[in-house]
Undergrad: 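The structure under discussion is supplied below as structure tokens; questions concerning it will follow.
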Amino acid sequence: MPRTPVPTSRRAVLRQLGALPAAAVATALPRFAHAAEFSLKYGNNLPVTHPLNVRAQEAADRIAKDSKGRVEIKIFPNNQLGGDTDMLAQVRSGGIDFFTPSALVIATLVPVAAINATGFAFSDYSQVWGAMDGKVGAHVRAAIGKMRLHAFEKMWDNGFRQMTSSKGPINTAKDMDGLKIRVPVSPLSVSMFKGLGASPASLQFSEVYSALQTKIVDAQENPLPIIQVAKLFEVQKNCSLSNHIWDGFWFIANGRMWESLPADLKTVVSGAINDAGLKQREDIKKLNETLQADLAAKGLAFNKANPDSFRAKLREAGFYAEWKGRFGDEAWGLLEQSVGKLA
Ligand code: X2X
């Protein structure tokens, strides 16, 4: 029997495929096209237009090139593989290899990871990156590591969270009274918004647009880039600039998969992901400077919320004392080294 010749060029591959029935082509093609030794899946909760996806795709391209095709990363954006809770379970089990949960969301598994989201802790980005590229971040990464997940060194930016509502502007903590507001699946968010007198509902991000549209909730809170790319301005009237939480994404990998990667490939993957994260931070910073005008032109009415009334209300509700206890003195002390005394 004559042996099937091994195709040597793209042309030869196509010629050979041309001789196969369509169904066979569909299954044969990926095998030729994806000879990667490590074919890895990355799931996230954001639309493809968000800088997180744009920069992650660049990282994936660089990894394919620098690993000479040995590592291929396929991105599944926009909750294609399930919502936040589902993807967190999948990255633990190995169903997916990478996930970028917000600090708020991974905190359902690693409680101290929510520490950066302590209400009104950070006043600017120099404090944020000082803490997260420094001791606070290192403390959280170690805690993530104990759950058999690998967290890359450079956290990616979500941004300072702002409140939007279909019920009018939020100026002071009083305007929060009884407000039905969606928050992420996160114990800290629930505690904080209860402390502010609101009525928070935890929903995965995949459900936010429709929950606002159908008025299951009246309000939500997210950084401006998310309000833009997820088109939340279509279903909200007001945006109150509150900067109440700084939130970032941990780029995490399944621990077993990570350990199985040879050292040279670990270097390639880490380098590309961390560099892309730094570029993504710049993208978010630029968007924050331009998006208010953009969103205002789309009909969102902006106002500045008064942070003092919120801080006072949270203190009164015992929010800081409670979370200092839950995070522990060590973590709280590291945060205060970056931002000053909190409570
Ligand atoms: O769910 C949200 O609000 C988002 C997109 O900011 C997070 O991933 C926490």
Side-chain angles (χ1 to χ4, degrees), residues 42-56 75-91 96 98-111 113-119 122 128 132 140 151 155-165 180-193 198 200-213 216-233 235-236 239-240 242-252 277 280-281 283-284 287-288 291:
Y42 161 41
N44 69 64
N45 65 354
L46 297 183
V48 281
T49 47
H50 190 277
L52 172 124
N53 272 310
V54 176
R55 294 299 182 182
I75 306 180
F76 297 85
N78 213 14
N79 300 296
Q80 279 173 19
L81 301 179
D84 301 305
T85 314
D86 311 301
M87 285 188 282
L88 189 57
Q90 289 171 39
V91 76
I96 59 177
F98 302 98
F99 176 38
T100 36
S102 138
L104 289 164
V105 168
I106 195 173
T108 54
L109 184 67
V110 182
I115 190 157
N116 62 261
T118 302
F122 293 110
V128 166
M132 304 320 292
V140 172
M155 205 177 185
W156 293 42
D157 196 11
N158 190 356
F160 280 92
R161 300 180 78 92
Q162 322 293 354
M163 302 185 202
T164 67
S165 173
K180 281 197 277 172
I181 184 167
R182 174 272 173 177
V183 296
V185 179
S186 149
L188 181 128
S189 301
V190 172
S191 154
M192 181 164 159
F193 281 89
S202 272
L203 293 173
Q204 307 193 89
F205 189 64
S206 49
E207 297 169 300
V208 173
Y209 187 97
S210 66
L212 292 168
Q213 191 176 36
I216 288 172
V217 290
D218 297 313
Q220 70 85 43
E221 41 84 65
N222 250 304
L224 298 184
I226 299 242
I227 296 168
Q228 166 90 351
V229 299
K231 301 193 181 344
L232 302 184
F233 56 83
V235 285
Q236 295 281 268
C239 181
S240 304
S242 51
N243 295 309
H244 56 280
I245 280 174
W246 176 78
D247 187 22
F249 297 103
W250 283 109
F251 212 114
I252 60 170
Q280 190 267 359
R281 293 179 185 181
D283 298 338
I284 296 288
L287 281 177
N288 277 331
L291 273 187

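Numbering of ligands and ligand atoms starts at 1, following listing order.
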Undergrad: Give yes if a backbone or side-chain nitrogen or oxygen of N45 is under 3.5 Å from a nitrogen or oxygen of ligand 1, and no if not.
TA: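 Yes, N45 has an N/O under 3.5 Å of an N/O on ligand 1.
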Undergrad: Consider ligand 1: state whether an atom of it lies below 4.0 angstrom from any non-hydrogen atom of R161.
TA: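 Flag set, R161 near ligand 1.
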Undergrad: Answer yes or no: does an N/O atom from R182 fall short of 3.5 Å to an N/O atom of ligand 1?
TA: yes
Undergrad: Kindly write out the residues that satisfy ring pair (Phe, Tyr, Trp, His ring centres under 6.0 Å) with H244, not counting sequence neighbours, or none if the list is empty.
TA: F193
Undergrad: Locate the shortest heavy-atom distance separating M155 from F249; write the atom from each residue and the value.
TA: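 Here M155 and F249 meet closest at CG-O, 3.3 Å.
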Undergrad: Which pair of heavy atoms, one from Q220 and one from L212, lies closest together, and at what distance?
TA: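 Smallest interatomic distance, heavy atoms only, reads CG-CD1, 3.7 Å.
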Undergrad: Nearest protein heavy atom to atom 4 (C) of ligand 1, by residue and atom, and its distance?
TA: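 So the nearest neighbour among protein heavy atoms is N222 OD1, 3.6 Å.
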Undergrad: Under 4.0 Å from a heavy atom of P184: give me the atoms of ligand 1 that qualify, with their elements.
TA: 3 (O), 9 (C)
Undergrad: What distance separates Q80 CD from M87 CE, expressed to the nearest 0.5 Å?
TA: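 The CD atom of Q80 sits 9.5 Å away from the CE atom of M87.
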Undergrad: Can you confirm whether or not the ring centre of Y42 sits under 6.0 Å from the ring centre of F251?
TA: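 Ring centroids of Y42 and F251 are less than 6.0 Å from each other.
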Undergrad: Is E221 in polar range of ligand 1, meaning some N or O pair under 3.5 Å apart?
TA: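 No.
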Undergrad: Under 4.0 Å from a heavy atom of D247: give me the atoms of ligand 1 that qualify, with their elements.
TA: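 Result: 9 (C).
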Undergrad: Less than 4.5 Å apart, any side-chain heavy atom of P51 and any of R281?
TA: no
Undergrad: Against heavy atoms of I226, which atoms of ligand 1 measure under 4.0 Å?
TA: 5 (C)
Undergrad: Distance under 4.0 Å to a non-hydrogen atom of S102: what atoms of ligand 1 satisfy this?
TA: 7 (C), 8 (O), 9 (C)
Undergrad: Testing the basics here: between D247 and L104, what is the closest heavy-atom pair and its distance to 0.1 Å?
TA: OD2-CD1, 3.8 Å
Undergrad: Would you mind running through ligand 1 and noting each atom that sits below 4.0 Å from a heavy atom of F249?
TA: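 Those atoms are 8 (O).
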